[in-house]
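Each remark here refers to the structure printed beneath this line.
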Amino acid sequence: MSALHLYDTATREVGVFKPLIPGQVSIYVCGATVQSHPHIGHVRSAVNFDILRRWLTWSGYDVTFIRNVTDIDDKILHKAVHEKMPWWALAMKYERIFTQAFASLNVLPPTYEPRATGHITQMVELMQILIDNGAAYAPGNGDVYLEVRKLKRYLTLSGQKLDDLMPAADADETFKRDPRDFALWKAAKAGDPSWPTPWGAGRPGWHLECSAMAHAYLGEAFDIHGGGLDLVFPHHENEIAQSEAAGYKFANRWMHNAWVTQSGEKMSKSLGNTLQVEVILQRVRGIELRWYLGSAHYRSMLEYSEAALDESAVAFRRIENFLLRATEVLDLPLEPTISDAFCGAMNDDLAVPAGLASISENLRAGNQAITDGDKAAIAKNANEIRGALQILGCDPFDSNYPQGATSDVNQALDGVIKLALKERAAARERKDFAASDAIRDGLLDLGITIEDTAQGPRWSITEKS
RNA sequence: GGUCGGAUGGCCGAGAGGCGAGGCAAGGGACUGCAAAUCCCUCUACACGGGUUCAAAUCCCGUUCCGACCUCCA
């Protein structure tokens with residue numbers, strides 16, 4: 001079996017993945033700021049890192065996966081005024097909606113999901129270290145800043161130079177020793193929530209939270225830090241700055257997912273081109289949206305279009321349909337296995353598109369095997385497809401996805417349709433094709449599709465779209 | 001201005017020196033009473049101009065176009 005290779009944003013190279021502690025992998029992924037409805041870009045990130053996690057777990061690692069919730073920031077405060085509710089109520093409202101969106105796409109819950117507001121103590125401790133060792137300063141206005149000029153390795157992740165950065169538009173720079181210094185802590189404004197610190201009451205800056213929480217749950221060094229590509233600067237640079245200045249090794253490897261775009265442009269609120277997960281889920285099922293989002297390579301931009309989404313969903317249904325037929329023919333549950341081809345693809349920096357090619361090959365061979373009645377070949381191909389789908393989080397038999405009714409109602413329906421099919425078979429027998437077609441068309445009008453297979457007719461409920 | 005990424009067949013989308021991934025669409029065929037489903041076949045591409053090489057979509061130089069980050073961003 002090949003070894004897992006992953007890209008590292010810091011080196012811009014794909015290299016062999018070697019965990020700090022054999023057999024264990026620790027991952028910190030920047031989660032959402034819960035101030036609005038999730039769009040498909042948000043969940044793409046979650047899906048990408050969920051696939052990474054599932055692959056690591058399958059590969060035998062004990063994975064600790066942290067994804068935080070930023071539940072305090074400027075936008076949340078503004079939005080709370082707008083929606084006429086306390087900031088904490090607004091944050092909780094959207095956190096629940098995000099959680100629901102993740103669940104619809106079968107994104108596994110993180111091992112721990114810390115909230116920023118629950119880790120103020122750790123943030124104050126981190127600031128104390130930084131102030132004590134001279135890396136940070138509190139100018140007396142309640143803010144605390146990190147002095148970036150003192151850092152040796154600042155901006156190495158994004159490969160920029162401090163002096164090349166466009167000057168920040170901050171008006172309030174009078175307290176900064178350098179305009180590029182960034183706030184670890186922001187002084188309380190009247191009416192805003194605040195927490196006491198030795199340097200005055202205030203609230204955390206965005207970057208500080210992640211450093212503090214990563215340290216709290218994963219320690220001074222961990223394997224992988226993930227997030228969207230747009231977090232490289234300033235967020236991740238600043239996390240590195242704070243953590244390294246405090247003497248931590250911090251992340252060993254950086255992974256960033258690319259965007260979902262529309263008309264070539266990144267999905268963003270300012271462009272007004274965001275597509276809410278809840279809206280898309282009225283068009284396709286969660287498993288189909290996940291298949292769509294997961295099928296692109298995580299470092300490639302995914303250009304959204306309804307046509308592409310629909311096409312992807314149709315392709316998925318083909319695969320799903322094969323799995324269903326295979327299960328019927330074999331009369332056994334499928335046992336997920338990972339083929340060499342799929343394994344090789346995933347080990348190559350999670351090359352899902354290459355893995356998809358192997359699924360297509362399995363699909364073709366598997367369908368052929370059903371026609372031939374070759375049960376061994378059916379099982380092999382179906383098992384390999386199911387194994388791949390599990391890694392991608394798109395296993396149709398996964399109980400996290402809504403399963404077709406297995407109840408009495410479904411059995412009754414099956415009986416009724418079989419009765420109709422019997423009538424149809426009889427009509428065909430006596431060459432009364434008008435009658436047989438009437439039955440088939442009648443069922444189709446009800447959303448029930450009939451397929452005549454080598455093993456006899458089978459029915460399925462047609463997806464509405 | 002600085003940094004980074006991209007341009008592949010009608011469409012989507014991998015690959016990264018030598019066997020032209022895969023999917024969708026289209027056309028043809030098999031199967032079928034007709035369909036549907038399924039299978040087989042066909043369609044042979046790498047933005048442009050130079051260069052390196054026995055060999056370039058892949059490496060080098062230059063050009064054009066598109067996008068991202070430098071302000072909150074998955």
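Reminder, nothing fancy here: chain letters follow the sequence lines and each chain counts from 1. All values below come from the heavy atoms of this structure, side chains included, with hydrogens, waters and symmetry mates left out. Predicted, not measured: the structure shown is a model, and the values here were computed from it.
- Between the C1' atoms of B:U71 and B:U64, the separation comes to 30 Å (whole Å).
- In this structure, CD1 of A:Ile76 is placed 12 Å from C1' of B:C72, rounded to the nearest angstrom.
- Using a 4.0 Å heavy-atom distance criterion, A:Leu229 is classed as making no nucleic acid contact.
- Remark: the separation of the P atoms in B:C46 and B:C40 is 27 Å, to the nearest Å.
- Taking atom C1' on both nucleotides, B:G23 is separated from B:C61 by 36 Å, rounded to a whole Å.
- Of the candidates B:A36, B:G33, B:C69, the closest approach to any side-chain atom of A:Gln160 belongs to B:C69.
- A:Phe222 has its ring centre less than 6.0 Å from the ring centre of A:Phe250.
- If you check every strand for non-hydrogen atoms under 4.0 Å, A:Arg325 touches sugar and phosphate atoms only.
- One atom, CZ of A:Phe233, and another, C1' of B:C4, lie 13 Å apart when rounded to the nearest Å.
- Atom pair A:Leu302:CG and B:A74:C1' shows a separation of 13 Å (rounding to whole Å applied).
- Put simply, the side chain of A:Asp163 and the base of B:G2 share no donor and acceptor less than 3.5 Å apart.
- Between A:His236 and A:His207, a ring centre-to-centre spacing not shorter than 6.0 Å is recorded.
- No contact: A:Ala307 has no heavy atom under 4.0 Å from any strand.
- Look at B:U32: it lacks any Watson-Crick or wobble partner with both distances under 3.5 angstrom.
- Surrounding CZ of A:Arg54 are more than 12 heavy atoms belonging to other residues, nucleotides or ligands, all under 6.0 Å away.
- When distances are taken from the side chain of A:Pro353 to each of B:C4, B:A14, B:A74, the shortest belongs to B:A14.
- Counting any heavy atom pair closer than 4.0 Å across all strands shown, A:Gln368 reaches sugar-phosphate atoms only and no base atom.
- Protein atom OH of A:Tyr292 is 14 Å distant from nucleotide atom C1' of B:C24, rounded to whole Å.
- Across all strands shown, B:A7 pairs with B:U64; the Watson-Crick or G-U wobble distances both stay below 3.5 Å.
- Residues A:Asp181 and A:Arg149 are not paired through a salt bridge, judged by the lack of any N-O separation under 4.0 Å between the basic side chain and the carboxylate.
- The nucleotide B:C59 finds its pairing partner in B:G51, both defining distances of the Watson-Crick or G-U wobble pair being shorter than 3.5 Å.
- When the nucleotides B:U32, B:G23, B:G5 are ranked by their closest atom to the side chain of A:Ser360, B:G23 comes out on top.
- Searching all strands for a Watson-Crick or G-U wobble partner of B:C19 with both distances below 3.5 Å returns nothing.
- Salt bridge A:Asp143/A:Lys186: absent, no basic N to carboxylate O contact under 4.0 Å.
- A salt bridge is defined here as a Lys NZ or Arg NE, NH1 or NH2 lying under 4.0 Å from an Asp or Glu carboxylate O, and A:Lys75 with A:Asp73 fails to meet this definition.
- With hydrogens and angles ignored, no donor-acceptor pair under 3.5 angstrom links the side chain of A:Arg364 to the base of B:C40.
- With C1' as the reference atom, B:A16 and B:G6 are 15 Å apart, rounded to whole Å.
- A salt bridge links A:Arg203 and A:Asp74; the closest N-O separation between the charged side-chain nitrogens and carboxylate oxygens is under 4.0 Å.
- Summarising the base pairing, B:A14 is matched to no nucleotide, lacking a Watson-Crick or G-U wobble pair whose two defining distances lie under 3.5 Å.
- Within the nucleic acid shown, A:Val29 has no heavy atom closer than 4.0 Å to any nucleic acid atom.
- Checked against B:A14, B:G67, B:G23, the side chain of A:His297 finds its nearest nucleotide in B:A14.
- Counting atom types as modelled, A:Glu265 pairs no side-chain N or O with a base atom of B:G67 as donor and acceptor under 3.5 Å.
- Contact of A:Asp452 with B:A35 (side chain to base): a donor-acceptor pair of N or O atoms is detected under 3.5 Å.
- Comparing A:Ser300 and A:Gly227 by the nucleotide of RNA chain B that holds the closest heavy atom to each, the one mapping nearer the 5' end is A:Ser300.
- Of the candidate nucleotides B:C69, B:C24, B:G67, B:C24 has the atom nearest to the side chain of A:Arg318.
- At least one side-chain nitrogen or oxygen of A:Lys266 sits closer than 4.0 Å to the OP1 or OP2 atom of B:C69.
- Looking at heavy-atom distances under 4.0 Å, A:Ser436 makes contact with a base.
- The side chain of A:Arg424 lies closest to B:A35 when the candidates are B:A74, B:A35, B:C24.
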N/O-N/O pairs, protein side and nucleotides 56-60 of chain B side, under 3.5 Å:
none

Practice item. Show your working on ring pair (Phe, Tyr, Trp, His ring centres under 6.0 Å) between A:His39 and A:Tyr304 and close with a plain yes or no. Key: CA-CA 12 Å; A:His39 63 239; A:Tyr304 175 84; over 10 Å; no
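- Between A:Leu165 atom CG and B:C4 atom P there is a gap of 13 Å when expressed in whole angstrom units.
- The pair A:Glu288-A:Arg283 does not count as a salt bridge, with every side-chain nitrogen at least 4.0 angstrom from each carboxylate oxygen.
- When heavy atoms are screened at a 4.0 angstrom cut-off, A:Asp74 is found touching no nucleic acid atom at all.
- As rounded to whole Å, 21 Å separates atom P of B:C72 from atom NE2 of A:His82.
- For B:C4, neither phosphate oxygen OP1 nor OP2 lies less than 4.0 angstrom from any side-chain nitrogen or oxygen of A:Ser158.
- Distance A:Glu13 CD to B:A16 P: 14 Å, rounded to the nearest Å.
- Contact annotation for A:Lys431: no contact, since no heavy-atom pair falls under 4.0 Å across all strands.
- Spacing between atom CG of A:Asn367 and atom P of B:C31 amounts to 19 Å, rounded to whole angstrom units.
- Comparing B:A68, B:C4, B:G33 by their closest approach to the side chain of A:Trp259 singles out B:A68.
- Between the side chains of A:Asn68 and A:Thr70, at least one donor N or O lies within less than 3.5 Å of an accepting N or O.
- For the atom pair CG of A:Leu146 and NZ of A:Lys176, the computed distance is 11.0 Å after rounding to the nearest 0.5 Å.
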